[in-house]
Amino acid sequence: MRILVTGGAGFIGSNFIHYLFKHYSDLVVVNLDKLTYAGNLANLLDIEKKYKNSKYFFIHGDIANRELVAAILEQYQLEVIVNFAAESHVDRSIFNAYPFVQTNVVGTQNLLECAKKAKIQKFIHISTDEVYGSLGKEGKFSESTPLAPNSPYSASKAGADFLCRSYFKTYGFPVIITRCSNNYGPFQFPEKLIPLTFLRAMKDEPIPVYGQGENVRDWIFVEDHCYGIDLAMQRGKPGAIYNFGGNAEKKNIEVVKAILDFLGKPHSLITFVKDRPGHDFRYAMDFSYAQKELGFSPRISFEKGLEITLKWYQNNLDWISQIQSGEYLTFMETWYGK
Ligand code: NAD
Ligand code: TYD
């Protein structure tokens with residue numbers, strides 16, 4: 001298998017590259033990543049050490065760069081593309097939507113076009129449950145739920161999904177879309193709820209909980225997401241959409257309390273702050289189609305996954321301190337006064 005992974009230096013992309021090398025031997029992986037604030041080559045040090053320039057190649061670049069993408073596809077004779085590259089944080093998209101449209105929409109269209117010309121055999125586009133919008137207290141998202149994105153992030157992801165659909169319908173190009181719920185696990189950048197709570201709790205700093213912490217997310221351990229993507233890559237039907245979820249709906253306040261309890265920190269660190277504008281109330285995934293067609297179901301419970309994740313962060317404090325760069329801190333300080 002010769003695979004182009006885009007955004008492979010980010011959270012899920014780097015976990016996916018680890019997953020691939022753990023499960024396959026006949027493999028060439030090219031990782032194309034722009035190394036934004038969220039991209040970190042330290043996520044792949046072990047892979048570089050073992051496979052650099054033999055089975056693993058890193059290219060620093062932008063998925064929106066036409067000449068570069070075309071040249072990579074030709075030079076490495078790639079067969080499959082898995083597109084993780086994206087701006088991924090809702091709060092940042094509220095702050096400045098431009099990079100979201102540029103990478104998530106323009107970048108995805110460029111990849112699709114270059115991939116079509118290069119006759120790529122399978123294009124797996126990694127999307128999100130957030131394209132469906134928000135649920136009330138009842139119900140779940142299925143693949144036929146109409147798209148109703150509410151944040152600039154989810155709107156840009158929905159735009160990319162529609163472009164993927166159009167390349168399948170118009171050109172018969174073999175695109176598969178996967179939509180997953182909230183991931184957590186090793187290597188997640190500490191702007192997202194779980195690593196942010198861990199980091200602040202370790203420093204005895206207030207934990208900012210939006211609104212009253214009643215919003216619900218369906219949490220999936222990142223390795224289970226990688227497993228689903230692998231199934232889609234091996235068995236997925238061109239043109240299909242597959243939902244993945246963790247079967248683990250939690251209120252934000254429950255997640256924050258669980259982390260504090262694990263660390264033996266007081267609940268008094270919880271600070272309710274101004275709500276996120278347009279904050280989606282609840283996400284929950286019906287993944288019965290992926291279960292039936294691909295044999296997918298999540299294998300790691302939230303309790304187990306959270307324990308693995310928090311222990312990983314505890315054992316990798318140097319990874320966290322290394323990414324506390326200027327830009328990250330500036331953004332966090334201006335945002336809701338965190
Ligand atoms: P992340 O922000 O941790 O990583 C994104 C990676 O993409 C970074 O390495 C970054 O440098 C790279 N990148 C950004 N712009 C690029 C560009 N123009 N060209 C090349 N590389 C670029 O994100 P993540 O959490 O790992 O998410 C990966 C994908 O999964 C995204 O498409 C996201 O929408 C989707 N997703 C994420 C979640 C989640 O809970 N994190 C859930 C469902 C779907
Ligand atoms: P996040 O990790 O940003 O993922 P998403 O917005 O894509 O679901 O946020 C998860 C939930 O946690 C979401 O309901 C917003 C909430 N949240 C807070 O309450 N405080 C925070 O500091 C952050 C980052 C998120």
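All values reported here derive from a predicted model rather than from experimental measurement. Start at 1 and go down the list; that is how both ligands and their atoms are numbered.
- Ring orientation note: the planes of Tyr76 and Phe57 are tilted relative to one another, at an angle of 30° to 60°.
- Contacts of His89 with ligand 1, taken as heavy-atom pairs under 4.0 Å, are absent altogether.
- For the residues Tyr210, Tyr184, Phe189, the heavy atom positioned nearest atom 23 (C) of ligand 2 is part of Tyr210.
- Nearest to atom 19 (N) of ligand 1 by heavy-atom distance, out of Thr178, Ile63, Leu111, Asn183, is Ile63.
- When only non-hydrogen protein atoms are considered, atom 11 (O) of ligand 1 lies nearest to Asp33 OD1, 2.6 Å.
- Of the candidates Ser127, Ala64, Gly39, Ala86, the one placing a heavy atom closest to atom 13 (N) of ligand 1 is Ala86.
- If you number the atoms of ligand 1 from 1 as listed, the ones under 4.0 Å from a heavy atom of Thr36 come out as 10 (C), 11 (O), 14 (C), 15 (N).
- Nearest-residue assignment for atom 26 (O) of ligand 1 (options Leu41, Ile12, Leu68; heavy-atom criterion): Ile12.
- Contacts between Leu35 and ligand 1 below 4.0 angstrom, taking non-hydrogen atoms only, involve the backbone exclusively.
- Note: Phe187 and His18 have parallel aromatic rings, judged against thresholds of 30 and 60 degrees for the angle between ring planes.
- For Tyr153, every heavy-atom contact with ligand 1 shorter than 4.0 Å involves the side chain, none the backbone.
- Interface atoms of ligand 1 facing Thr103, defined by a heavy-atom separation under 4.0 Å, are 15 (N), 16 (C), 17 (C), 18 (N).
- Less than 4.0 angstrom separates some heavy atom of Ser181 from each of these atoms of ligand 1: 42 (C), 43 (C).
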